[in-house]
Asker: 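This is the structure I have questions about; it appears just below.
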Protein chains: 2
Amino acid sequence: MSPSSAAHDVSFLRLTSLPMLLEREIESMILDGRLSIGGRINENQLAATFGVSRGPVREALRSLEALGLVELLPNRGVFIRSLDIAQVVEMYGVRAALFGYAAQLLASRTDAGEVARLRTLLDEMTEAAQAHDFDRYYPLNFAFHDFIVEQAGNGVLTAQYRGLVKQLRLYRAGNLMTGNTLELSNEEHARIVEAIARRDAASAYQTSFDHVERGKERLLARSVSLARAEERRA
Amino acid sequence: MSPSSAAHDVSFLRLTSLPMLLEREIESMILDGRLSIGGRINENQLAATFGVSRGPVREALRSLEALGLVELLPNRGVFIRSLDIAQVVEMYGVRAALFGYAAQLLASRTDAGEVARLRTLLDEMTEAAQAHDFDRYYPLNFAFHDFIVEQAGNGVLTAQYRGLVKQLRLYRAGNLMTGNTLELSNEEHARIVEAIARRDAASAYQTSFDHVERGKERLLARSVSLARAEERRA
DNA sequence: CGACATTAAATTGTTGACACTTTACACTCG
DNA sequence: CGAGTGTAAAGTGTCAACAATTTAATGTCG
């Protein structure tokens, strides 16, 4: 075997393990809602479900704790983490800073192909927004943000951003946008794309930061009105 | 027991556990250099050292992996994570974004007491810098940055920032500043403090972001000259 | 002498059993 | 009845033994 000919890493050496597998599976159970937020996880039951012993399950849960998806209370058990609105607000702030930084980086290194891709996503979102088709808009919106972060070319940034977005999925109720907020949000996307296309790093940062902050305010407004409705119901 | 009289949480219910304890201990072993970077961790040996079985040790190591302090290679073992210069550069970028955001937040909500504290730290750093006393400068410098992040009032931000700083300690060789870079760096601190004191959020962000970015460049310059020296030695 | 196959040792992976803690339930007493 | 107590069940915490894999060492052949 010639050592220098293969640019590929020799990481075919079993890149996965049982705890890692369980971690991914439990994670998707949480994010898909198959495990209810705030609820308790029964180690025995979970281990039985997967046909393994509790050891690997416990290891997987330790990882998920560090990722902020579950909480471990000693001698009490593992609980699916539930976020209150204050934590969500904090996360949105950090997300704004990270997303702004991503756009700034991308603006200073982007090529025509990336801009074209962004414009395509933007056009598709515009269509979906005009049709008030949230189900079509949502994945495009996600792809738009993720593309910017990914193409920024900073792996640490990507990991941090995605980890935060993952945690934010623990907060249900905020995922919906009503009617014209879709169009409002997408106008902000347009400004971001233009800043990146102009290679204006400062503007890319600012428009992107503001976009997430406005998203936070939209969520907050919705959350307040939801809380009011809850109050009246009680 | 009256329920509302005690503002204290009843979280005295054993807030720690053996794996958490081990996690903290192993972490400090890594950061103190008692476990050498890049080296392999022997589970049996480590468990024997603490007088416990391998189970809790493995759980602790899973947490440390998610925190980015160790790497787990299935069937191969656990290795203390070693950072290459490219990863360090990426981390500095994210750190710049987070620290900039912290300063921005603090500028928009700070009070006189906080500014006074910052000025005190600044004065002490100025003294240490003029005396070229790195050992005195370093903890002050750390406290300065951490104080800004802490007082920004965003717990998620604080956790993310500290996690990143912790990981950066895995990169040895960069911790030293020579002669006049101390004074250069501290002049940047002064600009940050002034921006915060003026409650100028935009300026606080920019000066703080730039400060970390310049720190990155200073590190990079040092790293390049070190690599050159290494080359000559070979 | 070096490359390769074979075997032994060391180390990780997983399990089931047991100890300890918490929780739920029934019981007693005021 | 209701508060408090005691007991049983359920669940988490820890361990030591066994299985599987990797690594090191040994021996063999070209």
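Chain letters run A, B, ... following the sequence lines, proteins first and then strands; every chain starts at 1.
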Asker: Roughly, in whole Å, what's the span from CG in A:Asn44 to C1' in C:dT15?
Answerer: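 For the pair A:Asn44 CG and C:dT15 C1', the rounded distance is 13 Å.
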Asker: Rounded to the nearest Å, what distance is computed from the CZ atom of residue A:Phe79 to the P atom of nucleotide C:dT22?
Answerer: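 In whole Å, C:dT22 P and A:Phe79 CZ are 12 Å from each other.
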Asker: Please state how far atom CZ in B:Arg58 lies from atom P in D:dG13, giving the value in whole angstrom units.
Answerer: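 Rounded to whole Å, this separation is 17 Å.
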Asker: Need one value for A:Val78: base, sugar-phosphate or nothing, where a base atom within 4.0 Å counts as base even if backbone is also close, heavy atoms only.
Answerer: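 Touches nothing.
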Asker: In whole angstrom, give the distance that lies between atom CD of B:Glu59 and atom C1' of C:dT14.
Answerer: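 For the pair B:Glu59 CD and C:dT14 C1', the rounded distance is 13 Å.
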Asker: Give the nucleotide from the list D:dC15, D:dT21, D:dT12 with an atom nearest to the side chain of B:Val52.
Answerer: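 Out of D:dC15, D:dT21, D:dT12, the nucleotide with an atom closest to B:Val52's side chain is D:dC15.
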Asker: Any side-chain N or O of A:Asn42 less than 4.0 Å from the OP1 or OP2 oxygen of D:dT12?
Answerer: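 Affirmative; the distance criterion is met.
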Asker: A:Arg62 side chain to B:Glu59 main-chain N or O, any donor-acceptor pair under 3.5 Å?
Answerer: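 No: the side chain of A:Arg62 does not pair with the backbone of B:Glu59.
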Asker: Separation of A:Glu43 atom CD from C:dC18 atom P, in whole Å?
Answerer: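 Those two atoms, CD and P, are 19 Å apart.
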Asker: Has the side chain of A:Ser185 got a donor or acceptor atom that lies under 3.5 Å from a matching backbone atom of A:Thr181?
Answerer: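 Checking the backbone N and O of A:Thr181 against the side chain of A:Ser185, no donor-acceptor pair under 3.5 Å is found.
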Asker: Using a 4.0 Å heavy-atom cut-off, does B:Gly55 contact any base of the nucleic acid, only the sugar-phosphate backbone, or nothing at all?
Answerer: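 Here B:Gly55 touches no strand at all.
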Asker: Rounded to whole angstroms, how far apart are CZ on A:Arg40 and P on D:dA10?
Answerer: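 Answer to the nearest Å: 13 Å.
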Asker: Kindly indicate, with the supporting measurements, whether the criterion side-chain contact (heavy atoms from CB on, under 4.5 Å) is fulfilled by B:Leu220 and B:Tyr92.
Answerer: CA-CA 11 Å; B:Leu220 214 46; B:Tyr92 260 81; over 6 Å; no
Asker: Any salt bridge between A:Arg162 and A:Glu150, counting N to O under 4.0 Å?
Answerer: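 Counted as a salt bridge, because a side-chain N and a carboxylate O are separated by less than 4.0 Å.
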Asker: Between A:Tyr205 and B:Tyr205 (judged by ring centroids, cut-off 6.0 Å), do the two rings come close enough to count as a pair?
Answerer: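 Between B:Tyr205 and A:Tyr205, which both carry aromatic rings, the centre distance is below 6.0 Å.
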Asker: Select base, sugar-phosphate, or nothing to describe what B:Ile41 touches, counting heavy atoms under 4.0 Å on all strands.
Answerer: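 Sugar-phosphate, no base atom in range.
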Asker: Does A:Arg76 have a side-chain nitrogen or oxygen under 4.0 Å from the phosphate oxygens OP1 or OP2 of C:dT21?
Answerer: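 No.
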Asker: Quickly work out the B:Arg54 CZ to C:dA10 C1' distance and round it to whole Å.
Answerer: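 Whole-Å distance recorded here is 11 Å.
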Asker: Can you figure out which of C:dG16, C:dT11, D:dC15 approaches the side chain of B:Leu18 most closely?
Answerer: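 Given the options C:dG16, C:dT11, D:dC15, the side chain of B:Leu18 is closest to D:dC15.
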Asker: Could you tell me how far apart A:Leu73 (CG) and D:dG13 (P) are, to the nearest whole angstrom?
Answerer: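 Taking atom P of D:dG13 as the reference, CG of A:Leu73 is at 10 Å.
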